[in-house]
Structures are given as C-alpha cells and as structure tokens.
Amino acid sequence: RQRQMCIRDRTNIATYDFESGTQGWSTSTNSGLNNNSNWACDGSRSIYVNDDKSTSILTSPALNLLTYTQARITFCHKSNGVDAGEGFDLQYSNNGILWTTIKTFRRGTDFDQSGSGSGFSATNSFSVYINNTGSTAFALTSYFRFVGQANRSSESNYFDNIEITGFTAISNGPGGVTNGLGLWLTSSNGLSYTDGQSVSLWTDQGRGTNACLLYTSDAADDSLRVD
C-alpha cells in the first residue's frame, strides 16, 4: 500500500529555471547563460561555468534568509568534458565579499560524466542544507555561488532548476526538546481520538503547521515518510 504524508513547514524563497534569462544570477567571462537544450535539465536554457579561473563564477541574486534557521538549495546539474577529480564548489556568503565553501562536487565522487557520447542524458540532482550559524550565518542579503574547478575552458558544468527553501525555528517540542527537530507528530494533542480509533489527521505540534495523511486507514501500523 502506498502511503504519503503532506506537511507545510517550509517557505520557497526563490526558484530559477533560466527560461527567461539569467534571472538575476551574475555571470562573468567564464560563465554565462546556455541556450542549448541538450545542456538543460528542463526547457531549453540553463547557466554554466567552465575552467577554474577567477572569473569561473556564477552568483545568485541577494536572498533574504534573515528569519530562517536553516536553508536548502537544490539544483540539477550536467557536465561536459570535466575530468575525474574536477568539478565545482558551492559557496555561501552573507555579505557578497567573504565566502564559505559549503560543499565540493567532484566527478567520480559526487557525479558521473555526461556528454555527447551518453546522449546528454546523464543528469544529477543535488540538495544541500546549511544552518544559520557561524560563517554561514544568515542575513538580509545572502548569496550562493557556483565556482568552477576544472582546468580547461572546454570543460563545463551546467546548472538548472535551482530552488532555495527556508525553514523556521521550532517553538515547541516533546519534553522541551527543539534543537534539531523538524517535525513533531502526536495524536493526543489538538485532536480528540480515542484508543483504537483510526487516525486520518495529524497536527504538527512543532512549527504549528499541520501535517495530513492522504488516506484513511489505521496509521498506527504504517511507516510515515517525510520529504
């Protein structure tokens, strides 16, 4: 039996598909807008960075992350001609001047090559979380950027379907525990179920935004999956 749970405890901050252009992303000499649909994950456009020069950079528009405790960036990626051990870095800044590398991506470790020989079909989907602390503290003007780490101008990384999501702090938790807790479900608070009764609705007691089961069966015997 297929089971799915829906929750509403996150905020979509920005989405970029590049079909209308760079959509606010800054490009440079060794980066830009790609118009070849072979190197897009959907549609006909994406953005790219090649080589590993100081101009091999793609920078996002300023993002207001100030009210969130955690953020997530997801994106689709393709590569062309990138050698093993090369790839790109994902960096974050809260002022556009000082940058922190939050994840490195390398061919052979994090992704496989995709090129004309594979029919442009090899795509990679990545999701990276960062916390509002230390060098990744959030600000009214926060930025992400991709930095090329290949060694030739003919080696390119392409990015598409970029999405930035923000998560807010939990104000309540079981036994007073809120640190590191993203969702708290209980059938005894906020609902009037009796022992042995089927549970079709759960109330999120953490962020105060409800979660619901998309079926009406005895949930006590089912595993719940949260994205």
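Keep in mind it's a predicted model, so treat the numbers as computed, not measured.
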Between the side chains of [X] and [Y], does any donor sit under 3.5 Å from an acceptor?
X	Y	value
Asp89	Thr104	no
Ser156	Asn80	no
Asn161	Asp42	yes
Thr100	Gln91	no
Gln70	Asn131	yes

(message) Closer than 4.0 angstrom, basic N to acidic O: yes or no for Asp160 and Lys78?
(response)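 So Asp160 does not pair with Lys78 through a salt bridge.
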(request) Before accepting this row, confirm whether a basic side-chain N of the pair Asp83/Arg106 lies closer than 4.0 Å to the acidic partner's carboxylate O. (result)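 No, no charged N to carboxylate O under 4.0 Å.
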(request) Describe, in one word, how the ring planes of Tyr158 and Tyr48 are oriented to each other, choosing from parallel (under 30°), tilted (30 to 60°) and perpendicular (over 60°). (result) tilted
(request) Could you please spell out the steps behind the side chain to side chain donor-acceptor pair (under 3.5 Å) verdict for Asn151 and Asp52? (result) CA-CA 6 Å; Asn151 62 2; Asp52 60 354; over 6 Å; no
So which heavy atom on [X] is nearest to which on [Y], and how close?
X	Y	value
Ala139	Tyr92	N-OH, 3.9 Å
Cys41	Thr123	SG-CG2, 4.4 Å
Ser127	Thr74	OG-CG2, 3.3 Å

(message) Within the 4.5 Å heavy-atom criterion, are Ile13 and Leu65 side-chain neighbours or not?
(response) yes
(message) Can you list everything that forms a salt bridge (charged side-chain N to carboxylate O under 4.0 Å, His left out) with Asp17? Sequence neighbours excluded, please.
(response) none
(message) So if I apply the ring-ring contact (aromatic ring centres under 6.0 Å, His included) rule between Phe159 and each of Phe144, Phe88, Phe126, which one comes out positive?
(response) Phe88
(message) The test is side chain to side chain donor-acceptor pair (under 3.5 Å); show your working for Ser142 and Asn94 and say whether it passes.
(response) CA-CA 4 Å; Ser142 298; Asn94 53 27; over 6 Å; no
(message) Using only atom types and a distance under 3.5 Å, with no angle test, would you say the side chain of Ser79 pairs donor to acceptor with the backbone of Asn157?
(response) no
(message) Would the distance check show the side chain of Ser93 and the main-chain N or O of Leu98 forming a donor-acceptor pair, the cut-off being under 3.5 Å?
(response) yes
(request) Would you please indicate yes or no on a ring centroid separation below 6.0 angstrom for Phe75 and Tyr16? (result)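 No, ring centres 6.0 Å or more apart.
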(request) Carefully, step by step, assess Asn132 and Thr69 under the rule side chain to side chain donor-acceptor pair (under 3.5 Å). (result) CA-CA 5 Å; Asn132 183 8; Thr69 57; over 6 Å; no
(message) Atom NZ of residue position Lys53 - does it have more than 12 heavy atoms of other residues, nucleotides or ligands inside 6.0 Å?
(response) no
